[in-house]
Chemist: 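Sharing a structure here in structure tokens format.
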Amino acid sequence: MNAGAPWSSPAEVERALLEQNYLPEAGLSLAIYLASRLGKPLLVEGEPGCGKTEIAKALAAATGAELLRLQCFEGLDARSALYDWDYPRQLLAIRLHERSESVEKVEREIFSERYLLKRPLLRALDGDGRHRPVLLIDEIDRADEEFEGLLLELLSDFQVTVPELGTIRARQIPLVVITSNRTRDLSDALKRRCLYAYLEYPDLEKEAAILEHRVPGLGAGFAREIAAFVQRVRREPELAKRPGVAETLDWAAALLALDRSSLDPETIAATLGFLVKDADDLRALRERPPTVA
Amino acid sequence: MPDGPDPSTRFLRDRLARFVDYLRSEGLPVGTGEAVDFAEAVDAIDLLDRDGVRAAAGITLAKSPEALAAVLAAFDRYWVGPAARAPVPWPRDPPSVLGPSKRRPTHRAGATSDATRDPPPTVVMPIGTYSASAPSSPHPLVPLEDREVRALRRGARRFRRQVAARPGRRQSRAHRGVIDLRDTVRRSLRNAGEWVELGRRAPRLTRAEFVLLWDVSGSMREHESRLFALVHAIESTSRRCRVFAFSTRLREISSEVRRHGYRRAVSRVADRIDRADGGTRIGESLAEFRERFGSLLGPETTVVVLSDGWDLGDVSEVGEELGRIRRRVRRVVWVTPYTRRPGFEARVGALRSALDVIDELLGPEDFASRWPLRPFRAPAAAG
């Protein structure tokens, strides 16, 4: 198994992410660097829309590796996450070989890797030998607690045991990014296997810089104006759901598409739905909008 | 055979181990695996970069934002030197309803100790009090009798079934869902073996998601053992349950309650909680909860507030905050120790302000009785 780190310092990680238009929080570059050096998964928690998922996308783009994404949901099981047997092909193989081969031989044949359908977690162990695959296990808090148990062997030893085949070990340790919105507590066993990073909402300077990077053509002044408005919206005490960076980017792109170069109350009222996605919040903000700088 | 690490590496590892030891004495659950990760991380970065080492400590030793703040604060206290050592809030900002662990060693002035093992002198912090100078007192939690605990557990299970909003593993007949072959064959017998109607089954809603907000202020002293037994009973019925204690501030105690038997949980919580004699600020605590833990509120969540409603803060804020929470969750239930007392009326300010927005007002007796839960309905909120 090879855990060769693609970067030799946290500063290199930061540069690589910046090239992908991802502006890492202070400390995140170090966390990614350590995860890559120590061969440990990185658990990233934070408010929705803070750029947790984007980390894995930027890492995959930066390293030229394939991004293997497992979107978690309630009821997710080994068949969707790990592997499944290709039953139709196995049945066909049985029919084809039932007269010509011995039972043992047919059994060996149909329970070989040829008939194994590899899902994201198993595919992450394959690797192409050149790039460390990037595995994104997204929103793990949506999955059942039992599913976390399934991950433990993979995350600690980077191997998966298939009863019919034996243990499959990773050729290269993948870069694993696990995200959670903290809607429930994760098990201690899972957390123990991971390094940890927490993403807060960016401050004004950072958010303005993100806008400039991600929405070209916005201009420094307008980006700052938008960021300042979003910061004020986030400070509204009654909001059920505060806008994340993803919403800010959507809103900025919408404003740019409307050829706006500064914020005015009419434009804000017309496009607020890009920023705020809750009916009560929308109503409250339309009644008492935060001031435009 | 190699002789092991060189002296400087041994010295460094010894210092790191002492720091980890210090974190444990501060009540942070740092395992050996995390300590090894920290040592490996320090090997991988520039040791002269203090900020880098500090950040690496957070990345490897903490597993939640609260623990992250605590590790970084402890790092500053431990490595910066006595002159810069100052009381640092754990985990966020004082005053908190949780006091320092009683297991934490206290340090007497003038006591000699190993400098590297010597944590900063314990500073008496006004924990969980309304005024900055009001003292806090040890928590008098005592375990209830097994019979009472069993009755509360039965009630908690009934309660969970009543509020369940999440599918469990077991399935039952349903109008929508996957086709149930056995039921379909059975139905076909009524139609001369023709498959006219399909039987279907779907998971039963048996799982519930809870947020428990437990008032540990001085006015609850008489009832807190019973209410904690109820907290533990509800927590043990659901894997998705978060528990918070509040008085003038809010503090999560899920890890103290979770995965421990009742008696062990009582001693863990009694060890860690100091009751605030200085009052309760329910509205502010609810606002703090919504601010910090708003992501826990969802359409499947049931929020249970366990409080007598005595409040020294702005009582109208309680109704407003609960209303905001109510809009985002499935149900809000208030449990007060007095509902089954003769002549009970919800006259306490905070409770009265909450009546318009809560779904049910219950007492611990409702959970302990053998009958279905009977919510109390005040005349003002009835209808």
Side-chain angles (χ1 to χ4, degrees), chain A residues 5 8-11 25-40 42-48 74-75 141-142 144-146 148 156 180-200 235 237-242 278-281 284, chain B residues 29 31-34 36-38 40-46 49 51-56 58-69 71-72 166-167 169 203 207 209 238-242 252 254-255 258-259 287 290-291 293-298 300-301 320-321 323-325 327-328:
Chain A
S8 59
S9 70
E25 286 284 318
L28 181 61
S29 314
L30 178 65
I32 293 170
Y33 170 71
L34 287 176
S36 133
R37 265 298 288 271
L38 307 184
K40 307 271 290 186
L42 178 63
L43 170 62
V44 187
E45 291 192 325
E47 295 289 333
E74 198 161 347
D141 50 333
R142 284 177 185 265
D144 300 309
E145 292 81 356
E146 293 84 354
E148 288 178 30
S156 57
S180 163
N181 289 330
R182 298 197 84 211
T183 55
R184 70 172 173 84
D185 251 0
L186 304 179
S187 70
D188 290 343
L190 178 78
K191 287 194 279 191
R192 221 172 26 243
R193 284 161 172 80
C194 301
L195 302 185
Y196 183 79
Y198 185 78
L199 294 192
E200 307 256 12
R235 283 197 292 270
E238 296 195 11
L239 285 196
K241 165 75 181 76
R242 291 183 192 146
D278 180 276
D280 288 336
D281 290 352
Chain B
T32 309
E34 283 96 336
V36 171
D37 287 345
F38 182 39
E40 287 182 353
V42 169
D43 277 347
I45 59 178
D46 178 6
D49 174 10
D51 289 343
V53 177
R54 183 176 180 270
I59 290 163
T60 51
L61 302 175
K63 307 294 175 195
S64 69
E66 293 81 13
L68 187 60
V71 167
L72 297 182
R166 299 166 57 82
R169 285 185 168 188
R207 295 181 183 180
E209 202 169 301
S238 169
R239 291 196 189 174
R240 293 195 182 221
C241 181
R242 302 280 285 265
E252 179 162 18
S254 305
S255 60
R258 185 174 305 131
R259 289 193 292 276
R290 197 172 53 80
E291 173 85 12
F293 300 97
S295 60
L296 299 179
L297 302 175
E300 294 168 350
T301 313
E320 285 168 17
E321 275 304 326
R324 286 174 196 137
I325 289 173
R327 283 203 295 275
R328 296 168 62 182

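In this text, all values refer to a predicted model and were calculated from it rather than measured experimentally. Throughout, a chain's letter reflects where its sequence line sits, starting with A, and its residues are numbered from 1.
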Chemist: Before giving the answer on salt bridge (charged side-chain N to carboxylate O under 4.0 Å, His left out), spell out for Arg184(A) and Glu300(B) the whole-Å C-alpha distance, their side-chain angles and the decisive distance to 0.1 Å.
Modeler: CA-CA 12 Å; Arg184(A) 70 172 173 84; Glu300(B) 294 168 350; over 6 Å; no
Chemist: The test is salt bridge (charged side-chain N to carboxylate O under 4.0 Å, His left out); show your working for Glu291(B) and Arg242(A) and say whether it passes.
Modeler: CA-CA 10 Å; Glu291(B) 173 85 12; Arg242(A) 291 183 192 146; 2.7 Å; yes
Chemist: Over all heavy atoms of both residues, which pair between Leu34(A) and Ala56(B) is shortest? Give the atoms and the distance, please.
Modeler: CD1-CB, 3.9 Å
Chemist: Taking side chain as everything from C-beta outward and backbone as N, CA, C, O, which of these in Ala287(B) sits under 4.5 Å from a heavy atom of chain A? Side chain, backbone, both or neither.
Modeler: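 Interface part for Ala287(B): neither.
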Chemist: Identify which part of Arg327(B) has an atom lying under 4.5 Å from any heavy atom of chain A, answering side chain, backbone, both or neither.
Modeler: side chain
Chemist: Can you give me the closest heavy-atom contact between Arg182(A) and Phe293(B), atom names plus distance?
Modeler: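 Taking every non-hydrogen atom into account, NH1-CE2, 4.4 Å.
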Chemist: Please report the closest heavy-atom contact between Ser295(B) and Asn181(A), naming both atoms and the distance.
Modeler: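 Scanning both residues completely, I find the closest heavy atoms to be OG-O, 3.5 Å.
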Chemist: Does Ala44(B) offer a backbone N or O that forms a donor-acceptor pair with the side chain of Tyr33(A) under 3.5 Å?
Modeler: yes
Chemist: Using a 3.5 Å distance criterion without hydrogens, assess whether the side chain of Lys241(A) forms a donor-acceptor pair with backbone atoms of Gly294(B).
Modeler: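 No, because the side chain of Lys241(A) does not come within donor-acceptor range (under 3.5 Å) of the backbone of Gly294(B).
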Chemist: Between Asp141(A) and chain B, with a heavy-atom cut-off of 4.5 Å, which part of the residue counts as in contact: side chain, backbone, both or neither?
Modeler: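 Only the backbone of Asp141(A) comes within 4.5 Å of chain B.
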Chemist: For Leu43(A), is it the side chain, the backbone, both, or neither that has a heavy atom closer than 4.5 Å to a heavy atom of chain B?
Modeler: neither
Chemist: Looking only at non-hydrogen atoms, find the nearest pair between Glu40(B) and Leu38(A) and report the distance.
Modeler: CB-CD2, 3.6 Å
Chemist: Would you say Asp185(A) and Arg258(B) make side-chain contact, with heavy atoms under 4.5 Å?
Modeler: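 A side-chain contact exists here, since the closest heavy-atom pair is under 4.5 Å.
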Chemist: Which answer fits Glu34(B), side chain, backbone, both or neither, if we ask what part of it has an atom under 4.5 Å from a heavy atom of chain A?
Modeler: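 The side chain, not the backbone.
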Chemist: Considering all heavy atoms of both residues, which atom of Arg142(A) and which atom of Arg240(B) are nearest to each other, and what is their separation?
Modeler: O-NH2, 3.9 Å
Chemist: Counting only non-hydrogen atoms closer than 4.5 Å, does Ser64(B) touch chain A with its backbone (N, CA, C, O), its side chain (CB onward), both, or neither?
Modeler: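 Looking at Ser64(B), backbone and side chain both touch chain A.
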Chemist: Is chain A contacted by the side chain of Arg324(B), its backbone, both, or neither, given a heavy-atom distance below 4.5 Å?
Modeler: side chain
Chemist: Output, in order, the C-alpha distance, side-chain angles, deciding distance and verdict of side chain to side chain contact (heavy atoms under 4.5 Å, CB included) for Asp144(A) and Arg207(B).
Modeler: CA-CA 11 Å; Asp144(A) 300 309; Arg207(B) 295 181 183 180; 4.0 Å; yes
Chemist: First locate atom NZ of Lys40(A), then atom CD1 of Ile59(B), and finally report the distance between them rounded to the nearest 0.5 Å.
Modeler: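 Between Lys40(A) NZ and Ile59(B) CD1, I get 13.0 Å after rounding to 0.5 Å.
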Chemist: Is Ala31(A) close to chain B through its backbone or its side chain, or both, or neither, when contacts mean heavy atoms under 4.5 Å?
Modeler: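 Contact with chain B involves both backbone and side-chain atoms of Ala31(A).
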Chemist: Which pair of heavy atoms, one from Tyr198(A) and one from Pro65(B), lies closest together, and at what distance?
Modeler: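 Scanning both residues, the minimum pair turns out to be CE1-CG, 3.6 Å.
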Chemist: What part of Asp280(A) gets closer than 4.5 Å to chain B, counting heavy atoms only: side chain, backbone, both or neither?
Modeler: side chain
